[in-house]
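Inspection log for the structure reproduced underneath, given as structure tokens.
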Number of protein chains: 2
Amino acid sequence: MAHPQLPREEVIDRLTAVFRREGYEGASLALLSEATGLGRSSLYHHFPRGKEDMAEAVMLAAREKLTNLVLERLAGPGSPRERLSAAVRGWDEFYHGGEASCLTELFSVGAARESFQSLLLSGITRLRGAIAELLAEAGLSKELAEKRSLDALVTIQGGLVVGRASNDPKIFQTVLAELPDRLLSA
Amino acid sequence: MAHPQLPREEVIDRLTAVFRREGYEGASLALLSEATGLGRSSLYHHFPRGKEDMAEAVMLAAREKLTNLVLERLAGPGSPRERLSAAVRGWDEFYHGGEASCLTELFSVGAARESFQSLLLSGITRLRGAIAELLAEAGLSKELAEKRSLDALVTIQGGLVVGRASNDPKIFQTVLAELPDRLLSA
DNA sequence: GTCTATAAGCAGATAGAC
DNA sequence: GTCTATCTGCTTATAGAC
């Protein structure tokens, strides 16, 4: 088993699962190694600065996934409502129906906070912009669109936290399902 | 410096600050010791099972604070709107104006999750009940009151997460300020 | 690109003096 | 009730063989 290897994308997916389950501090090299099937040294080969590099790769991959699953759908073809519904399905997939914790929460605490703050902020800004644009296109005033774009993110993150703390992913799914009507209502 | 000591309440406040800043895994005995001014052994004297006992004490103290700052105000004297406004001020104080992270998030990840899940769930249930009762009293149908009580918690937690990730506590405060109108509207 | 072996330090935890 | 000293195991990280 010298050369062949899991594709990098699959490695990062497995790293992501560990960070989501254990948090940044809790994700030890032992767990990360076990989850990927790579020895510690192999991990350092791919991620020279160790855990910090892995976390960064996880964040960037998450950003890309969110781009594909949500942002592109918000900006895609179709009516605002159709695009919003498609984006909602994307969020549901991204968070595994509410079972996956949000990297936003996990990486805004402790040692990880400083490292990833700017990445978190830019991700939020980008999402807010895309939602606000869609809502403006749907006929809402610019001011209201801005306001509701924040409301959307707050609701999604909150639904995730409350759903996970209650051990009831349905909470997240219900919150998501009601989002389009709420955002688009006059 | 043999006998005299910080009162237990003050010790727990300082432990709380560390857990909130670092998360459960990140809160090392070294940090907890430094924050309280107590040596490791002293911490073990007060909290025999170590970190887990400290975290439990922190959770129970938070529960009590939330009882005083929010629950009692929701059930207190005055009109529903007045009580809701008082509770909102309590939430703001509890979360230090949005700067303090929520223990709910931190303790629903990794090793802490299993230990504290039931405590988290009961806290959420208790709060939801109190909010729903107030809203029913204000004239909302039982069904709508239930629904909005969940919406309240989702919004508060979400505002906290998004505000912290954006490094902008005003987000949390704005979300809080708009809560009474939103919950009480017909 | 992966492995084994190992280093150096910090984690949580305990014993026993004062 | 606090302290110093210590222990074991796990942490991140590196060196070097294959």
Side-chain angles (χ1 to χ4, degrees), chain A residues 1-59 61 106-107 109-116, chain B residues 1-59 61 106-107 109-116:
Chain A
M1 48 183 89
H3 275 208
Q5 236 316 99
L6 284 174
R8 182 177 168 93
E9 193 188 341
E10 173 66 21
V11 168
I12 292 178
D13 279 352
R14 296 188 184 194
L15 295 176
T16 302
V18 177
F19 279 112
R20 276 181 154 167
R21 198 176 61 239
E22 307 289 342
Y24 183 77
E25 308 285 345
S28 69
L29 288 196
L31 290 173
L32 296 165
S33 172
E34 186 189 17
T36 54
L38 294 168
R40 280 153 216 248
S41 299
S42 300
L43 285 177
Y44 275 97
H45 176 76
H46 295 286
F47 307 97
R49 289 179 312 154
K51 201 160 132 171
E52 197 177 330
D53 272 353
M54 297 184 225
E56 188 180 317
V58 162
M59 286 290 285
L106 302 182
F107 285 22
V109 160
R113 189 169 190 198
E114 209 183 344
S115 309
F116 297 109
Chain B
M1 48 183 86
H3 274 208
Q5 237 315 101
L6 285 175
R8 182 178 169 93
E9 193 187 343
E10 174 65 20
V11 168
I12 292 179
D13 279 351
R14 297 187 183 195
L15 296 175
T16 301
V18 178
F19 279 112
R20 276 181 153 167
R21 196 175 63 240
E22 307 290 342
Y24 183 77
E25 307 285 345
S28 68
L29 288 196
L31 290 173
L32 296 165
S33 172
E34 186 189 16
T36 54
L38 294 168
R40 280 156 214 247
S41 299
S42 300
L43 286 176
Y44 276 96
H45 176 75
H46 294 286
F47 307 97
R49 287 178 314 155
K51 200 161 134 172
E52 199 178 328
D53 271 354
M54 297 184 224
E56 189 181 315
V58 162
M59 286 290 286
L106 302 181
F107 285 21
V109 160
R113 189 170 190 198
E114 209 183 346
S115 310
F116 298 109

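Just so we're on the same page: letters track the sequence lines, and every chain starts at 1.
Rounded to an integer number of Å, the gap from A:L31 CG to D:dT12 C1' is 13 Å. Straight-line distance from the OH atom of A:Y44 to the P atom of C:dT4: 17 Å, rounded to whole Å. Taking atom CG of residue B:L29 and atom C1' of nucleotide D:dT6, one finds them 15 Å apart after rounding to whole Å. In this structure, A:L32 places its CG atom 10 Å from P of D:dT11, rounding to the nearest Å.
The side chain of A:H45 lies closest to C:dG1, out of C:dA13, C:dG1, D:dT12. Checking C:dA11, C:dG1, D:dT12 against the side-chain heavy atoms of B:A30 singles out C:dA11 as nearest.
Taking 4.0 angstrom as the limit, A:S42 places a side-chain polar atom (N or O) nearer than this to OP1 or OP2 of C:dC3.
Remark: side-chain polar atoms of B:K51 are paired, donor with acceptor, to backbone N or O of B:A27 under 3.5 angstrom.
Place A:R49 and B:L38 on DNA chain D by their nearest nucleotides, and B:L38 ends up nearer the 5' end.
For A:S41 against D:dA15, a side-chain-to-base donor-acceptor contact under 3.5 Å is present.
The aromatic rings of B:F19 and B:Y24 sit parallel to each other, their planes meeting at less than 30°, with 60° as the upper class boundary.
At a threshold of 4.0 angstrom between heavy atoms, the contacts of B:S28 are confined to the sugar-phosphate backbone, with no base atom among them.
Heavy-atom contacts from other residues, nucleotides or ligands closer than 6.0 Å to CD of B:E34 number 12 or fewer.
You'll find the side chain of B:H45 stays beyond 4.5 Å of the side chain of B:L38, heavy atoms only.
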